[in-house]
Amino acid sequence: MLYCAACLGAIDAGAAEAIAECQQWHEVELDFAAEQDALNPYTDVEAWVDFTHDDGITIRRQMFWDGGKAFRVRFASPLSSGNWRWQSSDRDGDPGLNGKTGSFQSVASNTKTPTAFTQHGFWSIPKGGRNLIHADGTARLLCADTAWALPWRATVDQVKTYAKDRRDKGYNAALLMTVQPDLKTKGPRSRTEAEGFEVGFEDLPNGSLQKLNPDYFQTFDKLVDVLTSHGIAPVYQPVFHGYGWKGGGTAGNVVSAEDYARYCRYLVARYGARPAIWLVGGDGPAEKASIVEQLDTAGTEIEKWDAYQQPTGIHYSPHAKNRTHQDKAWLDFQWCQTGHSGEHIAERVADMWRNRPVKAVANGEPTYENIGRTGKGAGWWQGHEAWCNLTAGGTMGVVYGAGSLWQWRLDANEPGHADWCTAPGAGWREALDFEGSKYPGIAAKILEGLPLANMEPNWDCTYGRRGLLVPGKLFVLYLPEGGNSAILCKDVPRSYRVYDPKTGKVMAEGTLENKETAHAKSDASGEPRVLVFTAN
């Protein structure tokens, strides 16, 4: 596997051989072979491995079924030195899964192709926090793309093209429906034939998730490897609740809480030892009693088994209240959706900011670029939307989407996709190059490395301009049409740079006068500018 090749070694867990060493924040895998027969290994077997470090830290990682009698466990060391000892356990005492032991050394990451995750560790959101924080304390802005259908449609070579483009533009996450969620949508089992798709669960069309297809997830592994090796964290949405892929009625609304939570546990077992975000609710109001129970059961299960405590949250539909599960301990973030008609509705993000207890907030789905009509939500619209959402309170980060890319439409003429949600004349590859896709990434690049943690929307330090403030450390001022601005409080640091948010270039630098009312100049009129004030 691309992501963990630097630290994988041959291992036969039954012979208790050990990996010699593992680089910090790189995945390692242990293989096990069950000896007992199980009617359904996916639903009936519960096994895990405890990894204990010399300093006393213990990390429990669940095994996952990978076909036949094969079980695997994946682990990443959060420490750069010391010895890890591991021991396997099985609920039913299967001799092939239970009581195996081994050990290996952890070492510092020294990969030739580092990413932010191999350098700084996985993400989490501290309780009461609103920002992504790497394990070493580095704050980072989410910059995510919506490649929803990639898992069941894309090939490895296509994902390589996609990941390189998005990484180079500044993206660090991709929203994925982990399985094709429509109950009634039909097509050939193919990633290259028109209307085709691969199948994660054989029984999904019946509204259940018990007949898992290991081959599907083995291919999904390869796609995830490409994303993570490019520094892009998958955002795993188990089974969608809203429109889905082609509007064929989504399984997320009908599967039981037990099936849904079991699948979430499986995703954590399979993908939780690499960068991840868990998106338990996808495009629904999440107010129906059965869905409230389903999401709470799933979130609780993720909290139990995710040893690295990577972020967990909900993504709502445009008409939702955006605050169900607000008080749940497992919930780290809430994402709204402002619809697909080309309006800027940052008020929805601002409303979510005020909800208590505090959770991180973002607009998880603004208008898709060129959706339904060429020019809708296109070009700089996406940049203005990103900065409006950030400064309204969506400080977790920004999200982008393109019509025809989110469905992974094979080409501009592929049938079976509704006109309202595709981009005219575009398949996924053409949509990858839409102009607007570069602007959210530029926003993330402008803010990279800044002390983002705890920044808050602020209108007090200016005459009503869009700003973000960390008192004494950082002030970010968005001027949609350039011009100058009075700065009215001493909490704003004195030094600033002026950025063109369409290019990311520094256009000017300045220093505020040390007085109660000072003036910042953007040296532009009629063009958007972003001013970043820092203490240094």
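- Within a 6.0 Å sphere centred on NZ of K521, other residues, nucleotides and ligands contribute 12 heavy atoms or fewer.
- Other residues, nucleotides and ligands contribute only 12 or fewer heavy atoms inside 6.0 Å of the CD atom of E481.
- Less than 6.0 angstrom separates the ring centroid of W148 from the ring centroid of F240.
- One finds a salt bridge joining R270 and D221 here, because a Lys/Arg side-chain nitrogen approaches an Asp/Glu carboxylate oxygen to under 4.0 Å.
- Contact check on R323 versus D351 returns no salt bridge, with no Lys/Arg side-chain nitrogen under 4.0 Å from an Asp/Glu carboxylate oxygen.
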D50/R85 under side-chain contact (heavy atoms from CB on, under 4.5 Å): CA gap, chis, key distance, verdict: CA-CA 8 Å; D50 289 320; R85 293 172 289 106; over 6 Å; no

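- Surrounding CG of D491 are more than 12 heavy atoms belonging to other residues, nucleotides or ligands, all under 6.0 Å away.
- A 4.5 Å side-chain heavy-atom check between T146 and V399 finds at least one atom pair inside the cut-off.
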CA sep, side-chain torsions, deciding dist, call: T367, K376, side-chain contact (heavy atoms from CB on, under 4.5 Å): CA-CA 8 Å; T367 297; K376 183 184 290 184; 4.1 Å; yes

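- Under the 4.5 Å side-chain criterion, counting only non-hydrogen atoms from C-beta, W428 is not in contact with Q407.
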Working for salt bridge (charged side-chain N to carboxylate O under 4.0 Å, His left out), residues R356 and D327: CA-CA 8 Å; R356 294 294 183 272; D327 61 346; over 6 Å; no

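- Here W25 and F122 bring their ring centres to under 6.0 angstrom of each other.
- Side-chain contact check for N172 versus L132: every heavy-atom pair is 4.5 Å or farther apart.
- Put simply, the residue from W381, W387, W380 that forms a ring-ring contact (aromatic ring centres under 6.0 Å, His included) with H344 is W381.
- Salt bridge E527/K502: present, at least one basic N to carboxylate O contact under 4.0 Å.
- Ionic pairing of R529 and D500 is present here: one or more N-O contacts between side-chain nitrogen and carboxylate oxygen are shorter than 4.0 angstrom.
- At least one side-chain heavy atom of S106 sits less than 4.5 Å from a side-chain heavy atom of W84.
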